[in-house]
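A short write-up of the structure that comes next.
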Amino acid sequence: MTNGERKGPPVQAVEGDPREDLLFYRFIIDSLPVAILTVDSQYRITSFNPWAEEVTGYSRDEALGHYCGDILQGGMCKLDCPLKRAIRRESSFVRLDTTIQNKQGETIPVRMNTAALIDDKGALVGAVEAFQDISFMKAVEREKDNLISMFAHDMKSSLTIIGGFVLRLMKRATDLDDEKRRKYLGIIQEETNKLDFLVDDFLEFARLQTGKLKLNFETTSLDRELMELMETYQAKARQSGIKLEFQDDKILPVVEADPNRLRRAFTNLLDNAFKYSTKGGTITLSTRETPKEIMITIRDNGQGIDPEDLPHIFEIFYRGKGANGKEGSGVGLAIVKAIVEGHGGRVLVESEPGKGAAFTITLPKSRG
Ligand code: ADP
């Protein structure tokens with residue numbers, strides 16, 4: 001439990017605090033989105049800011065004058081109290097991850113800093129503790145771990161299938177007929193494609209997580225990008241018996257954009273349109289422009305989206321009811337949103353269950 005521990009100087013109280021300065025400091029401390037409390041040398045709470053009230057559930061009046069351990073019931077209280085250490089001037093704690101218990105008895109993970117409080121004559125006055133509720137960060141970490149395990153699991157199952165069929169091809173190299181050989185190779189190819197998508201999603205997700213989704217802006221012709229995309233997808237449309245139409249009667253102005261990332265966003269939407277459509281369906285890509293924006297809509301007449309799922313589909317890892325039995329990881333639309341918002345645009349969705357879905361990407365004509 002010594003992570004974040006450091007030998008450091010105690011906090012020096014402000015010299016000869018005139019009244020105005022005190023009010024000013026009180027104002028700052030009360031406004032900070034960080035829980036801050038101070039104790040005297042007997043560990044009785046001497047100040048308790050509004051954020052400390054928010055995190056612990058105790059009001060200032062309930063906390064003042066009480067032994068800090070009774071109010072915080074921290075994971076460290078009985079083991080190695082950080083405030084005691086600070087008061088004994090042994091060390092301060094910086095970024096110590098521990099827990100406290102709130103008034104309702106719930107355990108809250110917090111990130112804590114402590115330091116001794118020394119007056120201008122060098123005498124010990126008490127100690128200060130600042131902490132932040134990090135439940136949200138912990139939840140994100142858990143989600144991240146889950147997703148990483150899910151990716152790893154999906155990758156492993158594709159690899160196991162590939163390995164199994166390669167082994168069959170090797171062992172029975174002489175007695176396999178052509179039909180079986182073709183079938184096995186087809187399965188290997190399918191699983192390799194799956195792996196390819198998974199790795200792409202995983203890398204893109206990792207970039208999103210670290211906030212490193214860097215966009216390389218350049219002068220881009222959306223018409224050309226979309227036209228090329230349509231050509232690429234015609235083969236898939238023929239294979240799946242789905243009609244793919246392009247409605248683009250006006251030439252769009254060129255924009256400053258990252259063409260590679262935008263292609264990724266369009267690809268994710270088109271892949272979904274195919275995935276959630278059935279044979280005989282139609283997918284239409286159309287463009288429109290307003291004085292300030294360009295709008296690109298990908299519409300399908302497939303299964304549509306349940307109204308309960310609609311508000312959540314852009315959340316990372318969210319998969320709607322209609323995704324049951326379909327491949328995917330719930331990352332695609334989160335990537336689309338991040339890319340489009342990185343361009344200063346928006347993604348809108350309309351859908352009626354059973355009638356299809358329409359996703360519209362809106363991009364500003366000029367940046368900034
Ligand atoms: P997934 O890998 O599940 O497709 P996405 O992030 O791409 O993940 O999409 C999130 C959810 O939105 C999907 O699970 C599905 O329920 C819904 N969805 C996305 N696109 C469509 C579409 N064109 N038609 C119907 N449902 C869709």
Side-chain angles (χ1 to χ4, degrees), residues 140 143-144 146-155 157-158 190-191 193-209 213 226 229-230 233 236-237 240-247 261-286 295-342 346-362:
V140 168
E143 231 169 41
K144 209 155 87 182
N146 284 347
L147 190 90
I148 289 170
S149 329
M150 205 188 79
F151 270 123
H153 170 267
D154 286 2
M155 288 180 196
S157 47
S158 284
E190 214 174 276
E191 292 301 322
N193 287 342
K194 243 192 247 174
L195 260 180
D196 196 31
F197 275 114
L198 272 171
V199 171
D200 270 0
D201 271 355
F202 185 73
L203 291 177
E204 204 78 31
F205 164 76
R207 283 186 207 113
L208 276 178
Q209 284 289 309
L213 191 83
L226 294 172
L229 202 66
M230 284 288 105
Y233 271 84
K236 183 171 177 148
S240 19
I242 289 173
K243 205 151 104 194
L244 180 61
E245 294 177 345
F246 189 24
Q247 292 172 356
R261 292 270 179 246
L262 277 188
R263 207 172 305 128
R264 172 78 199 203
F266 297 139
T267 305
N268 284 6
L269 292 183
L270 274 172
D271 284 339
N272 277 350
F274 276 97
K275 183 159 65 174
Y276 299 109
S277 290
T278 42
K279 208 170 172 174
T282 304
I283 297 172
T284 317
L285 193 150
S286 57
M295 289 154 149
I296 301 114
T297 299
I298 294 174
R299 182 183 298 276
D300 65 69
N301 58 1
Q303 64 185 57
I305 303 167
D306 190 291
E308 276 183 24
D309 290 324
L310 216 49
H312 305 289
I313 54 170
F314 292 100
E315 290 165 18
I316 195 147
F317 321 138
Y318 190 87
R319 305 206 72 206
K321 291 173 201 68
N324 271 346
K326 313 241 180 211
E327 270 162 27
S329 53
V331 178
L333 287 182
I335 291 174
V336 173
K337 185 167 182 270
I339 292 174
V340 173
E341 288 181 353
R346 289 164 298 143
V347 199
L348 308 169
V349 56
E350 289 167 72
S351 176
E352 218 183 302
K355 297 206 167 154
F359 287 84
T360 300
I361 290 182
T362 300

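We count ligands from 1, going down the list as the structure has it; atoms in each ligand are counted the same way. Note that the coordinates shown come from a computational prediction; the quantities given were computed from them, not determined experimentally.
Distances below 4.0 Å separate heavy atoms of G304 from the following atoms of ligand 1: 25 (C), 26 (N). Listed by number with element, the atoms of ligand 1 under 4.0 Å from a non-hydrogen atom of L333 are 5 (P), 6 (O), 7 (O), 9 (O), 10 (C), 12 (O), 19 (C). When each atom of ligand 1 is checked for a heavy atom of G330 under 4.0 Å away, the hits are 1 (P), 2 (O), 3 (O), 6 (O), 8 (O). Every atom of ligand 1 is numbered from 1 in the order shown, and the set under 4.0 Å from a heavy atom of A323 is 14 (O).
Side chains of D271 and Y276: no donor on one and acceptor on the other come within 3.5 Å.
Scanning the protein heavy atoms around atom 3 (O) of ligand 1, the nearest turns out to be R319 NE, 2.5 Å. Ranking the protein heavy atoms by distance from atom 26 (N) of ligand 1 puts I305 CG1, 3.2 Å first. Considering only non-hydrogen protein atoms, atom 14 (O) of ligand 1 sits nearest to G320 N, 3.0 Å. Scanning the protein for heavy atoms near atom 19 (C) of ligand 1, the closest one is N272 ND2, 3.5 Å. Nearest protein heavy-atom neighbour of atom 12 (O) of ligand 1: I313 CG2, 3.3 Å. Of all protein heavy atoms, the one lying nearest to atom 23 (N) of ligand 1 is D300 OD2, 2.9 Å.
The local environment of CD in E350 is sparse, with at most 12 non-hydrogen atoms from other residues, nucleotides or ligands closer than 6.0 Å. Heavy-atom contacts from other residues, nucleotides or ligands closer than 6.0 Å to CD of E190 number 12 or fewer.
The two residues V336 and A265 come nearest to each other via the heavy atoms CG2-O, 3.7 Å. The two atoms that bring M295 and T362 nearest to each other are CG-OG1, 3.7 Å, heavy atoms only.
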Query - salt bridge (Lys or Arg N to Asp or Glu O under 4.0 Å) evaluation trace for K194 with E327 - result: CA-CA 9 Å; K194 243 192 247 174; E327 270 162 27; 3.3 Å; yes

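Scanning Y276, Y318, F314, F359 for the heavy atom closest to atom 4 (O) of ligand 1 points to Y276.
A distance of 10.5 Å separates CD1 of I298 from OG1 of T284, quoted to the nearest 0.5 Å. Atom CD1 in I283 sits 8.5 Å away from atom CE in M230 (nearest 0.5 Å).
The closest approach between a heavy atom of V331 and any atom of ligand 1 is below 4.0 Å.
Contacts of K275 with ligand 1, taken as heavy-atom pairs under 4.0 Å, involve the side chain alone.
Using bins of under 30°, 30° to 60° and over 60° for the plane-to-plane angle, the ring pair F359/F314 lands in the perpendicular bin.
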